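Here's the structure we're looking at; comments come further down.
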Amino acid sequence: MSRSALLVLADGRFPAGGHAHSGGAEAAVKAGRLRDAADLEHFCRGRLHTTGLTTAGLAAAAALGHDAAALDAAADARTPSPALRAAARRLGRQLLRAARAAWPDAGLDALARDFPRGAHQPVVLGTAARAAGLGPEDAAHCAAYETVSGPATAAVRLLGLDPFLATAVLARLAGDTDRVAARAAAAAREGVDALPAASAPLLDITAEQHAAWPVRLFAS
């Protein structure tokens with residue numbers, strides 16, 4: 001296991017396309033539910049324990065080598081919003097391009113062959129982690145952290161929020177992020193049927209509304 005590889009994969013500058021997505025923050029800002037750092041912390045905590053747990057489980061399972069087709073189907077079943085399914089596949093395609101350049105691997109090549117429209121992002125993330133020599137806990141940590149770091153970064157741009165305050169939110173969520181990642185990795189070891197399926201209906205609803213906006217700053 002390489003800690004340096006983990007840092008590369010989790011780095012927000014890794015060209016995986018996440019910077020173009022707000023994780024629902026843009027819709028929350030427009031609706032008046034996300035106005036300041038306190039709101040951001042509540043938003044991120046809720047997202048972490050729902051979407052974050054689910055995606056971390058999928059990523060951990062992929063890192064363990066579970067069947068990619070079964071995991072992609074599981075991701076579809078856990079993503080009721082068509083807009084979010086499309087966004088997850090777009091992010092999966094972009095992440096796969098970056099991962100294949102960084103860590104050439106037969107498993108990544110198989111994903112590109114079997115999912116020409118793109119596999120779900122957490123499935124690609126876990127496969128990339130495996131290619132980089134990382135384990136399920138590492139993949140789960142990356143996935144869980146992404147679900148909060150994306151909205152935090154977006155809030156800085158959307159609200160003009162002080163980036164020091166946004167970073168402090170992420171620091172306060174560190175313990176929750178660790179616990180979510182551990183829970184996700186433990187479930188992944190029990191098999192695909194045991195993966196978390198936590199839902200966030202409001203995020204699904206607002207994702208569909210956001211996708212219909214004629215003008216928006218973020219893709220999702």
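Small disclaimer: the values here were computed from a predicted structure and weren't measured. Values below: every heavy atom of this structure, side chains too, minus hydrogens, waters and symmetry copies.
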**Message:** If you count heavy atoms of other groups shown closer than 6.0 angstrom to CZ of Phe218, is the number above 12?
**Reply:** yes
**Request:** Report the C-alpha distance between Leu9 and Trp103 in whole Å, list the side-chain angles of each, state the deciding distance to 0.1 Å, and finish with yes or no for side chain to side chain contact (heavy atoms under 4.5 Å, CB included).
**Result:** CA-CA 10 Å; Leu9 188 59; Trp103 302 288; 3.9 Å; yes
**Item:** side chain to side chain contact (heavy atoms under 4.5 Å, CB included) between Leu58 and His120, worked out
**Value:** CA-CA 9 Å; Leu58 290 162; His120 275 264; over 6 Å; no
**Request:** Heavy atoms only: give me the nearest Pro136-Leu64 pair and the separation to one decimal.
**Result:** CG-CD2, 3.7 Å
**Asked** In the single-linkage hydrophobic clustering (I, L, V, M, F, W, Y; side-chain heavy atoms under 4.5 Å), do Leu34 and Leu158 co-cluster?
**Response** yes
**Prompt:** So, are Glu26 and Arg216 salt-bridged, with charged N and O less than 4.0 Å apart?
**Reply:** no
**Message:** Looking at every non-hydrogen atom in both residues, tell me the closest pair between Ala62 and Arg130 and how far apart they are.
**Reply:** O-CD, 4.0 Å
**Message:** Tell me whether Leu195 shares a hydrophobic cluster with Leu53, the cluster being built from Ile, Leu, Val, Met, Phe, Trp, Tyr side chains joined at under 4.5 Å.
**Reply:** no
**Message:** Looking at Glu137 and Ala182, would you say the former's side chain and the latter's main chain have a donor-acceptor pair under 3.5 Å?
**Reply:** no
**Request:** State, to 0.1 Å, how close Leu161 and Ala166 come at their nearest heavy-atom pair, and which atoms those are.
**Result:** CD2-CB, 4.2 Å
**Fill in**
Ala143 and Ala59 have their tightest heavy-atom pair at CB-CB, 4.0 Å
**Message:** With a 3.5 Å distance limit and no angle check, can you tell me whether Ser22 reaches the backbone of Ser220 through a side-chain donor-acceptor pair?
**Reply:** yes
**Asked** Do the side chain of Arg78 and the main chain of Pro196 share a donor and acceptor less than 3.5 angstrom apart?
**Response** yes
**Asked** Asp67 and Val192: side chain to side chain contact (heavy atoms under 4.5 Å, CB included), yes or no, with the steps?
**Response** CA-CA 9 Å; Asp67 180 69; Val192 177; over 6 Å; no
**Asked** Taking all non-hydrogen atoms of both residues, which atom of Leu40 and which atom of Pro151 are closest, and how far apart?
**Response** CD1-O, 3.9 Å
**Request:** Kindly work out whether a path of hydrophobic side-chain contacts (I/L/V/M/F/W/Y, heavy atoms less than 4.5 Å apart) joins Leu134 to Tyr145.
**Result:** no
**Backbone N/O of Leu48 and side chain of Thr147: donor-acceptor pair under 3.5 Å** = no
**Side-chain donor or acceptor of His42 paired with backbone N/O of Arg33 under 3.5 Å** = no
**Message:** Other residues, nucleotides and ligands only: do more than 12 of their heavy atoms fall within 6.0 Å of CZ on Arg85?
**Reply:** yes
**Item:** Side chain proximity check, Gln121 to Val124, heavy atoms < 4.5 angstrom
**Value:** no
**Item:** Closest non-hydrogen atom pair between Ala188 and Ala61, with its separation
**Value:** CB-N, 3.5 Å
**Request:** Take atom CZ of Arg100 as the centre, draw a 6.0 Å sphere, and report whether it contains more than 12 heavy atoms from other residues, nucleotides or ligands.
**Result:** yes
**Asked** Can you check whether Gly135's main-chain N or O pairs, donor with acceptor, with Asp138's side chain at less than 3.5 Å?
**Response** yes
**pair Leu203-Arg47: side-chain heavy atoms closer than 4.5 Å** = yes
